[in-house]
Amino acid sequence: MIKILIADDQELIRQSLSIILGNEKDFEVTDTVTNGVEVVRSVRKNKPDVILMDIRMPEMDGVVCTQIIKENYPAIKIIILTTFDDDEYVFNALKNGASGYLLKGVSMKELAEAVRKVHDGTAMINGDIASKVVKLFSRMAQSNITIRVDEKNAADLKETEWKITALVGSGLSNKEIASKLNLSEGTVRNGLSTILSKLDLRDRTQLAIWAVQTGAVNRVLSGEKG
């Protein structure tokens, strides 16, 4: 059972999401709240697996709340759900550890599938903004965010792990990586977990930033050694 917390300042959206997601057999909506402050309180009490987080909320917005939750409860997955197709929000949500970013126009079927995939460890980016992801990773890599990895740990990566790393840095999903490398999604997911463990990184966003910063994306995808 996947426990879900819904955070949105619009009552109609909270109620609609609660009813629709609550009808899924493998979902349990633990709470619905109106702002980031209430998210923090609810997380302490209910320990959800996934949070559907609106960006623009009173008292504490979704970007700040995402940072607080991920710092204190790193295992909780967060999907930013918003009507705003805004570069700055995408950038900050990913930087703070969000696992997914979907526009509110997404269908309920797509949303339910996104919750399941994020819960399983896959990043979900809405198709309307997926093209921005690589540019955002590049921007993050060029900013003052520096992801440090021990060179000895990086040297332990196998050829396939380098390829997965490069494709993560290119903004591809596990499904897309599996297709490109002729692997199963499960193999890619396990490989990603191994890579994060070897490099001592928190999530695929940190891995993507590191891959861009070190030039691994261009080197590996051009056929050079990682």
Side-chain angles (χ1 to χ4, degrees), residues 2 49-50 66-67 70-71 73-80 90-91 93-102 113-127 129-226:
I2 301 174
D49 300 306
V50 177
T66 295
Q67 181 177 12
K70 293 303 291 186
E71 286 177 352
Y73 305 92
I76 294 178
K77 304 297 194 300
I78 297 174
I79 298 176
I80 298 296
V90 178
F91 172 70
L94 292 173
K95 181 182 72 174
N96 289 343
S99 297
Y101 191 104
L102 299 173
E113 187 63 21
V115 169
R116 294 186 182 98
K117 287 187 175 181
V118 163
H119 180 257
D120 289 340
T122 300
M124 285 298 303
I125 306 295
N126 186 273
I129 55 177
S131 61
K132 299 180 180 180
V133 172
V134 175
K135 291 180 182 178
L136 287 167
F137 284 156
S138 296
R139 178 179 159 195
M140 293 161 81
Q142 293 162 10
S143 71
N144 59 2
I145 305 167
T146 301
I147 304 299
R148 300 190 183 282
V149 169
D150 191 303
E151 289 184 10
K152 292 181 180 178
N153 294 342
D156 286 339
L157 292 183
K158 299 176 182 177
E159 182 179 355
T160 299
E161 292 169 345
W162 273 115
K163 290 179 180 178
I164 291 173
T165 297
L167 293 172
V168 167
S170 297
L172 273 62
S173 68
N174 285 2
K175 183 177 182 179
E176 291 168 329
I177 294 172
S179 177
K180 276 190 171 293
L181 299 182
N182 293 318
L183 301 171
S184 69
E185 281 190 67
T187 299
V188 172
R189 188 163 53 246
N190 292 336
L192 182 57
S193 296
T194 300
I195 293 165
L196 294 177
S197 178
K198 284 184 176 180
L199 301 182
D200 195 25
L201 295 177
R202 182 188 66 201
D203 53 36
R204 71 189 296 132
T205 302
Q206 285 193 337
L207 179 63
I209 296 171
W210 177 76
V212 173
Q213 283 178 335
T214 59
V217 172
N218 293 331
R219 286 202 312 274
V220 176
L221 297 184
S222 65
E224 295 179 24
K225 186 178 180 181

Spell out, as yes or no, whether a donor-acceptor pair under 3.5 Å connects the side chain of D203 to the backbone of Q206.
yes
Is the shortest side-chain heavy-atom distance between E185 and K175 below 4.5 Å?
yes
Within the structure provided, determine whether I79 and V115 are in side-chain contact (heavy-atom separation under 4.5 Å).
yes
Nearest heavy-atom approach of L157 to K198 is CD2-CD, 3.9 Å
Student check: side-chain heavy atoms of D150 and D200 closer than 4.5 Å:
no
Between T194 and S197: side-chain donor-acceptor atoms closer than 3.5 Å:
no
State, yes or no, whether a side-chain contact exists between L183 and T160 at a heavy-atom distance under 4.5 Å.
yes
Do S99 and V118 come within less than 4.5 Å of each other through their side chains, counting heavy atoms only?
yes
Identify the heavy atoms of R204 and L172 that sit nearest to each other, and give their distance.
NH2-O, 3.1 Å
Taking all non-hydrogen atoms of both residues, which atom of G169 and which atom of A211 are closest, and how far apart?
CA-CB, 4.2 Å
K180 vs L167, side chain to side chain contact (heavy atoms under 4.5 Å, CB included): CA-CA, chis, key distance, verdict
CA-CA 9 Å; K180 276 190 171 293; L167 293 172; 3.9 Å; yes
Tell me if a side-chain donor or acceptor on K77 pairs with a main-chain N or O of G121 at a distance below 3.5 Å.
no
Contact summary for D156 and E161, nearest pair of heavy atoms:
O-OE1, 4.0 Å
Where do W162 and A154 come nearest, in terms of heavy atoms and distance?
CZ2-O, 3.5 Å
Report yes if the side chains of I76 and K70 come closer than 4.5 Å at any heavy-atom pair, otherwise no.
no
Which atoms form the tightest heavy-atom contact between I80 and A98, and what is the distance?
CG1-CB, 3.9 Å
Test salt bridge (Lys or Arg N to Asp or Glu O under 4.0 Å) on E159 and K163; report intermediate values, then the result.
CA-CA 6 Å; E159 182 179 355; K163 290 179 180 178; 3.5 Å; yes
